[in-house]
J.: 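Let me give you the structure first, and then I'll get to my questions.
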Amino acid sequence: MDNLLIAEHQLIEPKVNIQDARGKFVKIFTTGTLPEFVIKEIFYSDSDKGVIRGMHFQAPPFAQPKIVTCVSGAILDVIVDLRMSSEAFGKVYAYELNEENGRSLYIPVGFAHGFKGLSEHNKVLYHCSTVYAPDHEGGIDFRSIDFDWGEINPSLVSERDLGFPELINFDSPF
Ligand SMILES: Cc1cn([C@H]2C[C@H](O)[C@@H](COP(=O)(O)OP(=O)(O)O[C@H]3O[C@@H](C)C(=O)[C@@H](O)[C@H]3O)O2)c(=O)[nH]c1=O
């Protein structure tokens with residue numbers, strides 16, 4: 001599938017990021033940003049400070065490249081490389097996405113994704129290049145990757161996210 005061809009993650013700078021007397025205008029994506037990226041679903045989440053969601057992926061043949069943008073507030077966005085053939089298997093990349101920098105993160109096939117809310121509230125917008133496939137959803141315990149999440153409040157994490165396997169015991173489908 002063409003939309004699975006962009007193999008590496010990319011931090012996408014906004015094409016326009018303007019503040020004026022009315023407020024902000026941010027263009028996060030335009031044709032040419034990721035020419036092969038096809039949008040099949042768009043959704044957003046709304047979370048409070050300290051909430052952690054992740055680390056999630058969809059397994060082949062329903063793997064799901066996506067572009068993540070924090071349109072309100074601030075998050076620490078985190079991905080981990082789960083590609084068995086990758087020299088960087090298990091490597092973690094983390095970026096602050098927030099309403100000021102207008103940045104997005106493109107997440108290719110073979111990575112799990114999660115984030116922690118840094119501001120009082122955040123809204124995170126997803127553009128996905130495949131549709132939701134609940135039977136092919138998977139995850140890694142966010143506490144098992146090589147990343148310091150700071151304070152973790154289990155009441156701000158879903159039951160499902162607390163029950164995923166640890167990376168060390170994980171049989172990657174990628
Ligand atoms: C992801 C998703 C969930 N749902 C449903 C399932 C559930 O009842 C409810 C909330 O789902 P979750 O608890 O999985 O929501 P959440 O934990 O926010 O899931 C998201 O986490 C981040 C880290 C990602 O990377 C996303 O791709 C997605 O997996 O929405 C859909 O109907 N369609 C979807 O595409």
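In listed order, ligands and their atoms are each counted from 1.
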J.: Would you give the length of the straight line joining atom CD1 of Ile75 to atom CD1 of Ile52, rounded to the nearest 0.5 angstrom?
T.: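 Output value for this atom pair is 12.0 Å.
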J.: Which of the listed options, Phe111, Tyr126, Tyr132, holds the heavy atom that is closest to atom 22 (C) of ligand 1?
T.: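 When every heavy atom of Phe111, Tyr126, Tyr132 is considered, Tyr126 comes closest to atom 22 (C) of ligand 1.
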J.: Starting from atom 25 (O) of ligand 1, locate the nearest protein heavy atom and write down its residue, its atom name and how far away it is, to 0.1 Å.
T.: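 That would be His113 ND1, 2.6 Å.
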J.: How long is the gap from OG on Ser172 to CG on Leu82, to the nearest 0.5 Å?
T.: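 Between atom OG of Ser172 and atom CG of Leu82 there are 5.0 Å.
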J.: Counting only heavy atoms closer than 4.0 Å, does ligand 1 sit against the backbone of His56, its side chain, both, or neither?
T.: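 His56 to ligand 1: side-chain contact only, backbone stays beyond 4.0 Å.
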J.: Does some non-hydrogen atom of the protein lie less than 4.0 angstrom from atom 10 (C) of ligand 1?
T.: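 Answer no: nothing from the protein, no heavy atom, is under 4.0 Å.
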J.: Taking 4.0 angstrom as the limit and counting only heavy atoms of Arg160, give me the atoms of ligand 1 inside it, by number and element.
T.: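 Every atom of ligand 1 under 4.0 Å from some heavy atom of Arg160: 14 (O).
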J.: Between His56 and Phe164, what is the ring plane arrangement, given parallel below 30°, perpendicular above 60°, and tilted in between?
T.: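 Perpendicular, since the angle between the ring planes exceeds 60°.
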J.: Aromatic rings Phe43 and Tyr126: how do their planes relate, parallel, tilted or perpendicular, breaks at 30° and 60°?
T.: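 Parallel: the ring planes of Phe43 and Tyr126 meet at under 30°.
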J.: Can you label the angle between the Trp149 ring and the Phe142 ring as parallel, tilted or perpendicular, going by 30° and 60°?
T.: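 Because their plane-to-plane angle is over 60°, the rings of Trp149 and Phe142 count as perpendicular.
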J.: Would a line drawn from the ring center of Tyr93 to the ring center of His9 be shorter than 6.0 Å?
T.: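 Between His9 and Tyr93, which both carry aromatic rings, the centre distance is below 6.0 Å.
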J.: Among protein heavy atoms, which lies nearest atom 18 (O) of ligand 1, and at what distance?
T.: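 Here the nearest protein heavy atom works out to Arg53 NH1, 2.8 Å.
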J.: What part of Met55 sits under 4.0 Å from ligand 1 if we count only heavy atoms: the side chain, the backbone, both or neither?
T.: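 Neither; nothing of Met55 gets under 4.0 Å from ligand 1.
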J.: Verify the contact flag for atom 7 (C) of ligand 1, where contact means a protein heavy atom under 4.0 Å away.
T.: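 Under 4.0 Å from atom 7 (C) of ligand 1, zero protein heavy atoms found.
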J.: Using a 6.0 Å cut-off, check whether atom CD of Glu159 has over 12 heavy atoms from anything other than its own residue.
T.: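 12 or below, so no.
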J.: Run the contact test for Lys66 against ligand 1 with a 4.0 Å cut-off on heavy atoms, strictly below, and give the result.
T.: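 Flag set, Lys66 near ligand 1.
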J.: Establish whether atom 2 (C) of ligand 1 and some protein heavy atom are separated by less than 4.0 angstrom.
T.: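 Yes, there is one.
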